[in-house]
Engineer: 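The structure under discussion is supplied below as structure tokens; questions concerning it will follow.
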Amino acid sequence: QAPLVESGGGLVQAGSSLRLSCAASGRPFNSVAAAWFRQAPGKEREFLAAIAGNGEQSYVEGSVEDRFSISRDDAKATLYLQMNDLRLEDTAVYLCAFAIWSWSGISYLSNTNNYAYWGQGTQVTVSS
């Protein structure tokens with residue numbers, strides 16, 4: 001299958017917005033759950049958000065739910081993470097991940113071991 005390709009990261013000032021994209025052409029995109037994680041240097045990978053394979057359910061982690069949102073466009077086979085009001089602590093490598101299942105409970109969704117496919121990551125750096 002074609003690799004997952006993330007884009008949209010970069011160096012931005014605090015208070016800015018970014019939309020990250022994860023292109024999944026050639027993969028079973030339409031029927032499987034997808035998620036966003038991030039990892040800062042020296043820290044463990046952090047779950048951010050997930051969306052069901054059919055797009056009818058989604059979950060955003062409480063620490064960012066007021067600022068981040070997840071969506072998918074099946075026609076474009078693309079997953080998105082909209083990030084608003086970026087802060088210094090949002091600086092990290094952001095990674096998309098795809099499952100082989102359609103949806104599950106939050107404990108399962110947030111576990112990195114439950115995703116089969118990962119992108120290489122895109123760097124988001126927020127400066128003051």
Side-chain angles (χ1 to χ4, degrees):
Q1 294 179 320
L4 299 173
V5 180
E6 295 129 325
S7 62
L11 175 62
V12 298
Q13 292 186 337
S16 299
S17 296
L18 284 174
R19 187 181 70 167
L20 305 183
S21 299
C22 177
S25 297
R27 295 184 177 274
F29 180 88
N30 293 352
S31 60
V32 297
W36 287 97
F37 293 78
R38 68 184 179 188
Q39 188 165 21
K43 297 183 179 180
E44 294 185 352
R45 191 163 294 179
E46 177 188 11
F47 171 76
L48 295 174
I51 188 167
N54 62 9
E56 295 183 356
Q57 299 87 29
S58 64
Y59 178 86
V60 182
E61 198 276 327
S63 66
V64 297
E65 64 179 342
D66 292 337
R67 299 185 295 118
F68 291 9
S69 62
I70 188 170
S71 61
R72 64 194 299 161
D73 186 334
D74 288 352
K76 297 181 179 179
T78 302
L79 177 74
Y80 300 100
L81 181 69
Q82 178 67 45
M83 304 186 293
N84 299 322
D85 191 24
L86 286 163
R87 304 166 181 172
L88 295 179
E89 57 265 36
D90 294 320
T91 295
V93 174
Y94 285 70
L95 305 107
C96 63
F98 282 77
I100 57 174
W101 35 268
S102 61
W103 191 240
S104 191
I106 180 58
S107 295
Y108 201 78
L109 293 171
S110 61
N111 191 331
T112 61
N113 294 327
N114 294 330
Y115 292 87
Y117 308 104
W118 293 83
Q120 291 295 112
T122 184
Q123 177 72 45
V124 173
T125 302
V126 184
S127 63
S128 61

Engineer: Any non-hydrogen side-chain atom of Phe68 less than 4.5 Å from a side-chain atom of Leu86?
Structural biologist: yes

Engineer: Side-chain contact test, heavy atoms from C-beta onward, threshold under 4.5 Å: evaluate it for Gln120 versus Leu4 and give yes or no.
Structural biologist: no

Engineer: Which pair of heavy atoms, one from Gly119 and one from Leu95, lies closest together, and at what distance?
Structural biologist: O-CD2, 3.6 Å

Engineer: Under 4.5 Å between side-chain heavy atoms, hopping through other hydrophobics if needed: is there a path connecting Phe47 to Val124?
Structural biologist: yes

Engineer: Evaluate the side chain to side chain contact (heavy atoms under 4.5 Å, CB included) criterion for residues Trp118 and Thr112: first the C-alpha distance (whole Å), next the side-chain angles of each, then the deciding distance (0.1 Å), finally the verdict.
Structural biologist: CA-CA 10 Å; Trp118 293 83; Thr112 61; 3.9 Å; yes

Engineer: Report yes if some heavy atom in the side chain of Leu18 is under 4.5 Å from a heavy atom in the side chain of Gln82; otherwise report no.
Structural biologist: no

Engineer: Report the distance from atom OG of Ser104 to atom CG of Asn114, rounding to the nearest 0.5 Å.
Structural biologist: 7.5 Å

Engineer: Sequence neighbours excluded, which residues qualify as side chain to side chain contact (heavy atoms under 4.5 Å, CB included) partners of Thr125?
Structural biologist: Leu11, Thr91, Gln123

Engineer: Can you name the residues that form a salt bridge (charged side-chain N to carboxylate O under 4.0 Å, His left out) with Glu61, not counting sequence neighbours?
Structural biologist: none

Engineer: Can you name the residues that form a ring-ring contact (aromatic ring centres under 6.0 Å, His included) with Tyr94, not counting sequence neighbours?
Structural biologist: none

Engineer: For Ser16, give me all partners under side chain to side chain contact (heavy atoms under 4.5 Å, CB included), at least two apart in sequence or on another chain.
Structural biologist: Val12, Gln13

Engineer: Answer yes or no: is there a side-chain heavy-atom contact under 4.5 Å between Ile51 and Tyr59?
Structural biologist: no

Engineer: State which residues pass ring-ring contact (aromatic ring centres under 6.0 Å, His included) with Tyr115; sequence neighbours excluded, sorted by chain then number.
Structural biologist: Phe37, Trp101

Engineer: Hey, is the main chain of Arg87 close enough, under 3.5 Å, to the side chain of Asp90 for a donor-acceptor pair?
Structural biologist: yes

Engineer: Quick one: does Phe98's side chain get under 4.5 Å of Cys22's, heavy atoms only?
Structural biologist: yes

Engineer: Between Asn54 and Trp103, is any pair of side-chain heavy atoms under 4.5 Å apart?
Structural biologist: no

Engineer: Mind checking what makes salt bridge (charged side-chain N to carboxylate O under 4.0 Å, His left out) contact with Asp74, not counting sequence neighbours?
Structural biologist: Arg72

Engineer: Answer yes or no: is there a donor N or O on one side and an acceptor on the other, between the side chain of Trp36 and the main chain of Leu20, under 3.5 Å?
Structural biologist: no

Engineer: Is there a donor in the side chain of Asn84 and an acceptor in the side chain of Ser17, or the other way round, less than 3.5 Å apart?
Structural biologist: yes

Engineer: Do the non-hydrogen side-chain atoms of Val60 and Leu48 ever get within less than 4.5 Å of each other?
Structural biologist: no

Engineer: Can you tell me if CD1 on Ile100 sees more than 12 non-hydrogen neighbours from other groups inside 6.0 Å?
Structural biologist: no

Engineer: Tell me, do Val93 and Glu6 make a side-chain contact under 4.5 Å, heavy atoms counted?
Structural biologist: no

